[in-house]
Asker: 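This is the structure I have questions about; it appears just below.
We name chains A, B, ... by the order of the sequence lines, and we start the count at 1 in each one.
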Amino acid sequence: MSTPAPNLGAPHPGVTSELAPADGLIAETSAAAAPGKKRKRGFGVTFWLATVWLVVVLICAVFANLLPVKDPLVPDVLNKLAYPGPEHWLGTDGLGRDTLARLVHGARVSVTISVTAVAIGMVVGGFIGIIAGFFRGKLETVLMTIINIILAFPALVLLLVLLAFVGRSLVVISLIVGFLSIPIYTRVARATTLAVAEREFVRASRTMGAKNSRVLAREILPNVVLPVAAFGLVAMGVVIVLEGTLAFLGLSVQQPAPTWGGMIFDGKRYLSEAPHVVLIPSIAMFLTVLSLNLVGDSLRTRFDVRGSNL
Amino acid sequence: MYVLRRLPSLIATLLAVSILTFLMTSLLPGDPALQILGAENATPEAIAAVRAELSLDDPLPVRYLHWIGDALTGDFGRSYRTNEPVSQAIVERLPVTAEIGLLAIVIALAIAIPVGMLSAYRAGTRTDKVISSTSFGLLAVPNFMVAILLILIFAVWLGVLPATGWVNFTDNPVQNLRSALLPALSLAIAEMAVYTRLLRTDMIATLQQDFVTMARVKGVSNRRILFRHALRPSSFSLLTVAGVQVGAIIGGSVVIETLFAVPGVGRLLLEAVLVRDLLMVQGVALVIAVSYVVVNFTVDILYSYLDPRISHGRSAARV
Amino acid sequence: MTASQKEGRANEPLLEVDDLRTYFDTPRGIVKAVDGVSLRVDRGKTLGIVGESGSGKTVLSRSIMNLLPKANTIREGSVRFEGRELTTMKNKEMRTIWGAEMAMVLQDPMTSLNPVTKIGEQITESLGIHLNEKGKVAKAHAVELLKSVGIPAAERRLGEYPHQLSGGMRQRVTIAIALACSPKLLVADEPTTALDVTVQRQILDLLESQQTQRNMGLIIITHDLGVVAGRADEIAVMYAGRVVERAPTRELFARNRHPYTEGLLRSIPRLHQPSHSRLQAIPGRPPDLVDPPAGCPFAPRCNYAQDKCLTETPVLAPHAAGHEAACHFPVGTTAGQEALARNVAAGRTAAGTPLDSTVLATAGAA
Ligand SMILES: Nc1ncnc2c1ncn2[C@@H]1O[C@H](COP(=O)(O)OP(=O)(O)OP(=O)(O)O)[C@@H](O)[C@H]1O
Ligand code: SF4
Ligand SMILES: [Mg+2]
């Protein structure tokens, strides 16, 4: 990739770096990876654990109302800041609301925002990137210049400004984050398209006079979708963190609807007496983001068209 | 000279960024005059008066030229709320953000460079695996979570560092450093993980290069190979990413400054945004964006010093 | 080092490799990259190591130089450099030998110089380490070295970066670096493969002249017999990690014994051949070095292969003074002629490779 540009929806550059160790000829102890060593076909245990966790989060988000948890809004006044126990499995917050119930319902916000935002960014950004990478020329120059200018802004600054002036419902937040993450998907999709378009079969079908639309639909798209989607998974984690950040800044979805970021923010007040109020939603968010990174990175390594290991 | 060759693109980017800032804040829904006055005072006459005062009825290009012209002379207007000049507010707060951000980058690099090198040097060993998975895990920890954990440990439990507040350097350098430490650390952790992983990857690739083998058969010690031969060619993407990541640090400073009650530009922006203080938002956003562009320009120049192939007019061939 | 030690060493052969094995433990299995190689190089002599890509030449050279990573590498046998056993030496001890006594030139001059370091610094580095030369002295020495490898305007070059030099010039610089501390042995791993044909010759001539001037031992590794034809004193032909034939150069060209060598010889372009006659490459591919089957590794590609070749692995056997070959049916012997005739008659070799009668006409002609 050219210069990585972390921006909205952009994972840390480190997430998508190569994981495979290679032989440092220098080190007496360093491992010599065999050239031509086949990548292991299966995914590791961590990959599956991460997947299971993500599925659990997804189920919570979709079926929050049907799951046998307490009402996330009803306070249990006698049990404020309760530690995890039989009554409240994960304890209660400062108002005595059930943490487990709020986590389950909060998952809905995280999932909605991240899925919507990533979908928008992926579809629009992916489309622009494929067009730029496939047709090249002036069109590409113009598109990429615009993209790079948007990327010249620190993302959160853009987001704050937009949010302040446009408003902050779940829908608006998702839309704005999605919109702002378009540039980074454009970059990924373009880079991947460039690589795919260079491949034998694509060049062959182009020189054989296949229509552009056909080449795009049959050859380019299927090869670009998977890497971009893998990237999108990692980006989802970034969006979840972003929601948390907004909650911290008092700019996320209005109270009292539970969100993970909001829970962490509220719990901060009780840090000295009841740290678990902060720690439990923090752990939930951490695990979710970590799982998304893990799954996304494994898939990305698998689908990477630029690495010729396929 | 390389700097001169890059100058036109710098100016073009700055121009584009200023236009974007202006458009973003001008085209958004809602009448700024109405916001300034508040719903109860907003008689049509009063609105008209405010609009006239702010030249809101002029065509956009004219307004932009006015605004940027003033901005170039350091005049960003005054805050609606406090009537404080925007430029003054920025000048007071920028050093705070810069100090914390710089400290964060220094901490992150100071840890990441040796750790990333060690990880690459020991690629495939247990040491490497521990470093790699730790840094992978740290990438999933948002800065506000780091901040809360740090507060919990150092302020609540150990009580060695202040949880909030800010002391100016000129008032008390030691206290200043103490108040900057936790915010800087909160920003540094994720950066550190990013840098470590990046350096590890690039370093592993470099250590497989022929010129490293050549250095070995010259009888050069491993330490010298790592630091004198391999570090520089492995740090190109680190440098670029460190520049790009300044954006993440600026974004992070909004949260961190709010959390630690530090008077920096991040918090200034947030406060302005929350009360829709239009001129303040415009001014701060412009200054932040310009700083970001200039930082990356500087990185670009530094890069050419690091990689002689660039300053000699060839494209950056792979090392 | 005391004088007596020095003399003691001078009586020892420069380099003696004895039954060296170098295996890599990989997920696919054990790669037997070097499988029982014995060699000897004397002062002032040139050994050519010839073999196809993947025959283990690079691994052999790095194994000799003790450059391979220790992890996942299995190394047996012995490498004696002036009587000192290298295989058991720690990196720390090796560093006193690397650069000072043994040096190396790699295939690609584009990648074997550090792109971000000035040429001068790359040359003076080993001068500082081994000869303790610093500053002006080192610089003067570096200029002298660059001149000796035929680089014009040497002073100016010291301040330049590798990318400012052409490929041939860069390879001269790597040679200058290798020669900096007057090593006793120089290993050149395909020193000319990455260069233009015209430049190739110059570099080889340079290596040769430096070698005679300095009375150095020289190992030239190549996949092209033509490269070492007029230059090496002795040639070792490698196939699948083993030396399959070893002979003084004239002897090898006059009376090659191994069918693989025969194939290599045929693939050298000849001046006296009509220009339209095509070079004959050896058909087929080298074997997988993981779990090689029993028998001769060359059998699937060998025109002489008999049933015995599929079950019994041939070992090096003497043919003339200093000439050894590992083949059951050596070229130019009656056994070999009969084997070939049998295969031609059958239309296929014992390994099942089809043959036609044209091979008979060319057999032994090389
Ligand atoms: N570190 C390693 N781990 C596993 N296998 C290796 C390693 N290094 C080399 N090999 C294998 O050893 C065999 C010999 O490789 P080597 O590089 O020595 O061949 P070569 O004769 O130098 O070929 P070329 O002419 O292409 O340079 C190859 O099959 C290679 O894949
Ligand atoms: S004749 Fe037999 S032993 Fe000799 S090279 Fe051919 S296959 Fe190997
Ligand atoms: Mg080789």
Asker: With a 4.5 Å heavy-atom cut-off, do A:Thr259 and A:Ile113 have their side chains touching?
Answerer: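 No, their side chains stay 4.5 Å or more apart.
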Asker: Measuring heavy-atom distances to chain A, does B:Leu149 have an atom under 4.5 Å in its side chain, in its backbone, in both, or in neither?
Answerer: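 B:Leu149 touches chain A through side-chain heavy atoms alone.
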Asker: Go through A:Ser272, A:Gly244, A:Ser282 and name the one with the most non-hydrogen pairs under 4.5 angstrom from chain B.
Answerer: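 Result: the option with the highest number of such pairs is A:Ser282.
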Asker: Contact part of B:Ile250 toward chain A, heavy-atom cut-off under 4.5 Å: side chain, backbone, both or neither?
Answerer: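 It is the side chain, since no backbone atom gets that close.
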Asker: Inspect the surroundings of CZ in B:Arg228 and state if more than 12 heavy atoms from other residues, nucleotides or ligands are less than 6.0 Å away.
Answerer: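 No, the 6.0 Å shell around CZ holds no more than 12 heavy atoms from other groups.
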Asker: Tell me which of these, B:Thr196, B:Leu259, B:Val290, has more heavy-atom pairs under 4.5 Å with chain A than the rest.
Answerer: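 Ranked by heavy-atom pairs under 4.5 Å with chain A, first place is B:Leu259.
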Asker: Does any backbone or side-chain atom of A:Leu279 lie under 4.5 Å from a heavy atom of chain B? Answer side chain, backbone, both or neither.
Answerer: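 Side chain only.
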Asker: What do you reckon, are the aromatic ring centroids of A:His276 and A:Tyr83 less than 6.0 Å apart?
Answerer: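 Yes.
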Asker: What residue, out of B:Val156, B:Thr258, B:Leu20, has the most heavy-atom pairs lying under 4.5 Å from chain A?
Answerer: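 Looking at each of B:Val156, B:Thr258, B:Leu20 in turn, B:Leu20 comes out on top.
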Asker: Could you tell me which portion of B:Leu269 (side chain, backbone, both or neither) has an atom closer than 4.5 angstrom to a non-hydrogen atom of chain A?
Answerer: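 Just the side chain, heavy atoms under 4.5 Å.
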Asker: Is the number of heavy atoms from other residues, nucleotides or ligands within 6.0 Å of CZ (A:Phe179) greater than 12?
Answerer: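 No, the 6.0 Å shell around CZ holds no more than 12 heavy atoms from other groups.
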Asker: Would you say B:Asp202 and B:Leu238 make side-chain contact, with heavy atoms under 4.5 Å?
Answerer: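 Not in contact.
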Asker: Is there a side-chain contact between A:Trp53 and A:Val57 in this structure, where contact means two heavy atoms from C-beta onward sitting under 4.5 Å apart?
Answerer: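 The answer is yes; the side chains approach within 4.5 Å.
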Asker: Any side-chain heavy-atom pair from B:Asp128 and B:Thr125 closer than 4.5 angstrom?
Answerer: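 A side-chain contact exists here, since the closest heavy-atom pair is under 4.5 Å.
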Asker: Answer with side chain, backbone, both or neither: which region of A:Val241 has an atom nearer than 4.5 Å to a non-hydrogen atom of chain B?
Answerer: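 The answer is both parts of A:Val241.
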Asker: Can you tell me which portion of A:Phe248 sits under 4.5 Å from chain B's heavy atoms? Options are side chain, backbone, both or neither.
Answerer: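 Interface part for A:Phe248: side chain.
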Asker: Give the member of B:Leu270, B:Ile249, B:Val293 that has the highest number of heavy-atom pairs under 4.5 Å with chain A.
Answerer: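 Option with the greatest count: B:Leu270.
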Asker: Relative to chain A, which of B:Thr21, B:Val284, B:Thr13 shows the most heavy atom pairs under 4.5 Å?
Answerer: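 So the answer, after comparing B:Thr21, B:Val284, B:Thr13, is B:Thr21.
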Asker: Quick check on B:Thr127 against chain A: is it the side chain, the backbone, both or neither that has a heavy atom closer than 4.5 Å?
Answerer: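 Nothing of B:Thr127, per the 4.5 Å heavy-atom cut-off to chain A.
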Asker: Under a 4.5 Å cut-off applied to non-hydrogen side-chain atoms, are A:Leu249 and A:Leu160 in contact?
Answerer: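 Yes; the side chains approach each other to less than 4.5 Å.
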